[in-house]
S.K.: 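One structure follows; several queries about it will come next.
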Amino acid sequence: MRYDLVIFDNDGVLVDSEPLSNTILAAYLTELGHPTSYAESVRDYMGAAVHRVHEMVLERTGKRLPDDFDETLHARVFAAFERELTPVPGALDILGKLTADGVPYCVASSGSHERIRVGHRKTGLDAWFHAENVFSAQDVGRGKPAPDLFLHAAERMGAAPERCVVIEDSPLGVAAALSAGMDVYGFTAMTPAANLSGAGGFFDAMSELPELLA
């Protein structure tokens, strides 16, 4: 294999959380007087840390979200995860193959460590990810599209950026990977390839990923 480290995004790549979380986010923003459709939530916030929501609402409306916005949003999302979250089809298989082949991997997510843990526990991914290979935007000063999170993950995992490949499904994540000097492949199960400009390859099923990594 030509890579020393495979870095996975989490939401939408390992856990099928984007439909749930964007439905909840759009409804909550609308409830607060900032009408937002599901499609707009996906367009504006998919792949981003929650601070982007605050920044965009303030920029567009001049109004700040409530102090308890993050807490309320996370509570609603976590409750939905506990009821409905599933792993992305094939995610467990690809992790098993990487492990069998001795290929290091990690997750680098815009979500909080708590969000990652809740989702992994619900879906069984906690068998594959532990403290040493889980990284969150909480760990760095800037989230995606800045390269900080991916560079932090590579450094902690002992891999040079140019020897890393990132698996992403959001434009912000692809931009972050490219800024980090890493190869990136776009997962198109939910996001059209046209929206992942700059990715070195595309796939719409996890079963196709090993061929890209070979």
S.K.: Are Val88 and Val165 connected, step by step, through hydrophobic side chains (Ile, Leu, Val, Met, Phe, Trp, Tyr) whose heavy atoms are closer than 4.5 Å?
M.R.: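 In one cluster: yes.
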S.K.: Taking all atoms of both residues into account, what is the closest heavy-atom pair of Leu92 and Thr123, and its distance?
M.R.: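 Heavy-atom minimum between the residues: CD1-O, 4.4 Å.
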S.K.: For the CD atom of Glu114 and the NE2 atom of His74, what is their distance to the nearest 0.5 Å?
M.R.: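 Separation between the atoms: 8.0 Å.
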S.K.: Could you tell me which non-hydrogen atom of Phe129 sits nearest to which non-hydrogen atom of Cys106, and how far apart they are?
M.R.: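 Looking at all heavy atoms of both residues, the shortest contact is CE2-C, 3.7 Å.
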S.K.: What distance do Phe8 atom CZ and Ser109 atom OG have between them, rounded to the nearest 0.5 Å?
M.R.: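 Phe8 atom CZ to Ser109 atom OG measures 13.5 Å (nearest 0.5 Å).
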S.K.: So if you build clusters from Ile, Leu, Val, Met, Phe, Trp, Tyr with side-chain heavy-atom gaps below 4.5 Å, do Val184 and Phe135 land together?
M.R.: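 Yes, it is one cluster - the side chains of Val184 and Phe135 are joined through contacts under 4.5 Å.
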S.K.: Please determine whether the number of non-hydrogen atoms from other residues, nucleotides or ligands lying under 6.0 Å from atom CD of Glu155 exceeds 12.
M.R.: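 Not more than 12 within 6.0 Å, no.
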S.K.: With a sphere of 6.0 Å drawn around CZ of Arg163, does it hold more than 12 non-hydrogen atoms of other residues, nucleotides or ligands?
M.R.: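 Counting neighbours around CZ of Arg163, more than 12 heavy atoms of other residues, nucleotides or ligands fall under 6.0 Å, so yes.
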S.K.: Once you round to the nearest 0.5 Å, how far does CE of Met157 lie from CG of Asn133?
M.R.: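 CG of Asn133 is found 5.5 Å from CE of Met157.
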S.K.: Give a yes or no on whether a salt bridge exists between Arg115 and Asp11, defined as a side-chain N under 4.0 angstrom from a carboxylate O.
M.R.: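 A salt bridge links Arg115 with Asp11.
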S.K.: Would Met46 and Val13 show up in the same hydrophobic cluster when neighbours are defined by side-chain heavy atoms closer than 4.5 Å?
M.R.: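 Different clusters.
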S.K.: Got Pro104 and Asp4 here, is their nearest side-chain heavy-atom distance under 4.5 Å?
M.R.: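 Not touching, per the 4.5 Å side-chain cut-off.
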S.K.: Compare every heavy atom of Ser136 with every heavy atom of Ile116, then report the nearest pair and how far apart it is.
M.R.: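 Minimum heavy-atom separation between Ile116 and Ser136: CD1-CB, 4.1 Å.
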S.K.: Do Leu25 and Phe78 sit in the same hydrophobic cluster, where Ile, Leu, Val, Met, Phe, Trp and Tyr count as joined when their side-chain heavy atoms come under 4.5 Å apart?
M.R.: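 The answer is yes; both residues are in one hydrophobic cluster.
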S.K.: Answer yes or no: is there an ion pair linking Lys144 with Glu168, defined by an N-O contact shorter than 4.0 Å?
M.R.: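 Answer for the salt bridge query: yes.
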S.K.: With the side chain counted from C-beta on, respond yes when Arg117 and Asp126 share a heavy-atom pair under 4.5 Å apart, and no when they do not.
M.R.: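 With C-beta onward as the side chain, the pair stays apart.
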S.K.: When you group the ILVMFWY residues by side-chain heavy-atom contacts below 4.5 Å and let the links chain together, are Leu125 and Leu85 in the same group?
M.R.: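 Yes, because Leu85 and Leu125 connect within a single hydrophobic cluster, where side-chain heavy atoms sit under 4.5 Å apart.
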S.K.: Check Asp101 with Lys97, please: is the shortest side-chain N to carboxylate O separation under 4.0 Å?
M.R.: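 Looking at Asp101 together with Lys97, the answer is yes, because their closest N to O distance falls below 4.0 Å.
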S.K.: What distance do Leu20 atom CG and Arg83 atom CZ have between them, rounded to the nearest 0.5 Å?
M.R.: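 Reported to 0.5 Å precision, the distance equals 8.0 Å.
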S.K.: Could you check if a side-chain atom of Pro147 sits within less than 4.5 angstrom of a side-chain atom of Arg142, using non-hydrogen atoms only?
M.R.: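 Yes. Closest side-chain heavy atoms under 4.5 Å.
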S.K.: Is the cationic atom of Arg76 (NZ for Lys, CZ for Arg) positioned less than 6.0 Å from the six-membered ring centroid of Tyr28 and within 45 degrees of its normal?
M.R.: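 Cation-pi check for Arg76 and Tyr28: passes.
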S.K.: Using a 6.0 Å cut-off, check whether atom CD of Glu132 has over 12 heavy atoms from anything other than its own residue.
M.R.: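 Enclosed: over 12 neighbouring heavy atoms sit under 6.0 Å from CD of Glu132.
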S.K.: In sequence, state the C-alpha distance, the side-chain angles, and the governing distance for Ile7 and Ile167, and then conclude on side-chain contact (heavy atoms from CB on, under 4.5 Å).
M.R.: CA-CA 6 Å; Ile7 303 176; Ile167 312 304; over 6 Å; no
S.K.: Work out which heavy atom in Gly47 is nearest to a heavy atom in Ser170; give both atom names and the distance.
M.R.: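 The answer is CA-OG, 3.7 Å.
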S.K.: Under a 3.5 Å threshold, yes or no: a donor from one side chain and an acceptor from the other, between Asp70 and His51?
M.R.: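 No, His51 and Asp70 have no side-chain donor paired with an acceptor closer than 3.5 Å.
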S.K.: If you apply the rule salt bridge (charged side-chain N to carboxylate O under 4.0 Å, His left out), what do you find for Glu82 with Arg121, and how did you get there?
M.R.: CA-CA 9 Å; Glu82 293 290 358; Arg121 184 175 65 246; 3.2 Å; yes
S.K.: Between NE2 of His120 and CH2 of Trp128, what distance do you get to the nearest 0.5 Å?
M.R.: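 One finds 13.0 Å between NE2 of His120 and CH2 of Trp128.
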S.K.: Measure the spacing between OG of Ser21 and OH of Tyr45 and express it to the nearest 0.5 Å.
M.R.: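 Answer rounded to 0.5 Å: 13.0 Å.
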S.K.: Could you tell me whether a side-chain N or O of Glu71 sits under 3.5 Å from a main-chain N or O of Asp68, the two making a donor and an acceptor?
M.R.: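 No.
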S.K.: Of the non-hydrogen atoms in Thr36 and Ser41, which two are nearest, and what is the gap between them?
M.R.: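 Taking Thr36 first and Ser41 second, the nearest heavy atoms are CG2-N, 4.0 Å.
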S.K.: Looking just at side-chain N and O atoms, do Tyr3 and Asp183 make a donor-acceptor pair shorter than 3.5 Å?
M.R.: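 Yes - a donor-acceptor pair under 3.5 Å links their side chains.
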S.K.: Side-chain donor-acceptor contacts of residues 191-214 below 3.5 Å, not counting sequence neighbours, with atom names and distances?
M.R.:
| from | atom 1 | to | atom 2 | distance (Å) |
| --- | --- | --- | --- | --- |
| Thr191 | OG1 | Asp169 | O | 2.6 |
| Glu208 | OE1 | Asp204 | N | 3.2 |

S.K.: Would you call Val166 and Asp9 a side-chain contact if the rule is heavy atoms closer than 4.5 Å?
M.R.: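 Not in contact.
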S.K.: Ignoring hydrogens, what is the shortest heavy-atom contact between Ala137 and Ala49? Give both atom names and the distance.
M.R.: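 Residues Ala137 and Ala49, closest heavy atoms: CB-CB, 4.3 Å.
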S.K.: For a side-chain contact (heavy atoms from CB on, under 4.5 Å) check, start with the C-alpha distance between Thr61 and His34, then their side-chain angles and the critical distance, and finish with the verdict.
M.R.: CA-CA 8 Å; Thr61 70; His34 306 289; 3.8 Å; yes
S.K.: Using atom types as modelled and distance alone, determine if a side-chain donor or acceptor of Gln138 lies under 3.5 Å from a backbone N or O of His113.
M.R.: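 Side chain of Gln138 to backbone of His113, a donor-acceptor pair under 3.5 Å: yes, one is there.
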S.K.: Quick one: are Leu29 and Val53 in side-chain contact, heavy atoms under 4.5 Å?
M.R.: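 Yes, close enough: below the 4.5 Å cut-off.
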S.K.: Considering only heavy atoms from C-beta outward, does the side chain of Phe69 approach that of Arg64 to under 4.5 Å?
M.R.: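 They are not in side-chain contact.
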S.K.: Counting C-beta onward and ignoring hydrogens, is there a side-chain heavy-atom pair between Tyr105 and Thr99 closer than 4.5 Å?
M.R.: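 The answer is yes; the side chains approach within 4.5 Å.
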S.K.: Check whether any side-chain heavy atom of Pro19 lies under 4.5 Å from a side-chain heavy atom of Tyr38, and answer yes or no.
M.R.: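 With C-beta onward as the side chain, the pair touches.
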